[in-house]
Amino acid sequence: MSTRHRAEAAASALGDRVPAPLSVARVGLGAMVLLAGVHKLLAPGVWAAYVTDWLAPWLVVSPVAFMLVNGVLEVGFGAAIVADRATAVAAGVAAVSLSATTAYLAVAAVVEGGFFVDVLVRDVGLSALAWAVLFDAIRRSGQ
């Protein structure tokens, strides 16, 4: 057997043993949302730094209180995604929230002269991940 055929056979055997990619995506997204929520509860001031001076007046509560509320919600939605319970709803909330955050970060980057671009770049990928998990949950619920 050639080296190429051995490599293909090994890859095929490994492919039969690895978890489904969308399951890995779901658990990864859920863990990220859950851990972000826990960190917001433990250190809301760190996260409040992402609230610009021009956004703060639009919030109904202080930036720290806003982060605490978000932390509680993120713990719940993240746990639901990891546990694969109400996944479409929880992933939908994550997808919309991450997309809105990405849009806000894009505006903040322009208005504030480049602030938060590192987080913006990361959140583009996280938003796409959340939409992929949502679409998979919708497909699974229709089967």
Side-chain angles (χ1 to χ4, degrees), residues 3-4 6-143:
T3 304
R4 178 178 169 215
R6 281 193 299 269
E8 288 173 352
S12 178
L14 179 62
D16 293 339
R17 293 187 193 117
V18 297
L22 284 167
S23 293
V24 174
R26 178 184 50 76
V27 171
L29 173 68
M32 185 279 302
V33 172
L34 175 75
L35 292 171
V38 167
H39 194 247
K40 282 179 180 135
L41 294 174
L42 297 174
V46 171
W47 290 84
Y50 290 104
V51 177
T52 59
D53 290 341
W54 52 266
L55 176 64
W58 291 87
L59 299 179
V60 178
V61 296
S62 73
V64 169
F66 180 76
M67 293 306 164
L68 287 169
V69 169
N70 273 284
V72 170
L73 295 172
E74 288 176 355
V75 166
F77 287 121
I81 295 168
V82 169
D84 204 11
R85 300 289 183 257
T87 306
V89 172
V93 170
V96 169
S97 175
L98 282 163
S99 296
T101 300
T102 300
Y104 161 71
L105 291 170
V107 171
V110 170
V111 171
E112 300 293 333
F115 281 14
F116 312 136
V117 172
D118 54 339
V119 181
L120 166 64
V121 170
R122 181 207 58 209
D123 281 3
V124 169
L126 290 174
S127 297
L129 175 63
W131 286 105
V133 172
L134 169 61
F135 296 153
D136 180 60
I138 292 169
R139 282 187 179 181
R140 287 186 296 128
S141 69
Q143 294 176 350

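Positions are given from 1, in the same order as the sequence printed here.
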Task: Pairing residues for R85 by the salt bridge (Lys or Arg N to Asp or Glu O under 4.0 Å) criterion, not counting sequence neighbours - done: none

List the atom of [X], the atom of [Y], and the distance in Å for their closest heavy-atom pair.
| X | Y | result |
| --- | --- | --- |
| A88 | I138 | CB-CG1, 4.4 Å |
| V75 | G37 | CG2-C, 3.7 Å |
| V33 | A94 | CG2-CB, 4.3 Å |
| L129 | L29 | CD2-CB, 4.0 Å |
| A79 | L34 | N-CD1, 4.1 Å |
| V117 | A109 | CG2-CB, 3.7 Å |

Check whether any side-chain heavy atom of [X] sits under 4.5 Å from a side-chain heavy atom of [Y], and report yes or no.
| X | Y | result |
| --- | --- | --- |
| M67 | V46 | no |
| D136 | R26 | no |
| V96 | W131 | yes |
| T3 | R6 | yes |

Task: Residue that, paired with F66, satisfies side chain to side chain contact (heavy atoms under 4.5 Å, CB included) out of V61, L55, V60 - done: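 Among the candidates, only V61 passes.
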
Nearest 0.5 angstrom please: [X] [atom1] to [Y] [atom2], how far?
| X | Y | atom1 | atom2 | result |
| --- | --- | --- | --- | --- |
| T101 | Y50 | OG1 | OH | 11.5 Å |
| W47 | L42 | CH2 | CG | 11.5 Å |
| F116 | T52 | CZ | OG1 | 6.5 Å |
| R140 | D84 | CZ | CG | 4.0 Å |
| L73 | S97 | CG | OG | 9.0 Å |
| I81 | M32 | CD1 | CE | 8.0 Å |

Open item on the list: Does F115, at its CZ atom, have more than 12 non-hydrogen atoms belonging to other residues, nucleotides or ligands within less than 6.0 Å?
Closed with: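 Not more than 12 within 6.0 Å, no.
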
Task: Backbone of L98 reached by a side-chain donor or acceptor of S127 within 3.5 Å - done: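 Yes; at least one donor-acceptor contact below 3.5 Å.
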
Open item on the list: Any salt bridge linking D118 with R122? Criterion: basic side-chain nitrogen under 4.0 Å from a carboxylate oxygen.
Closed with: no

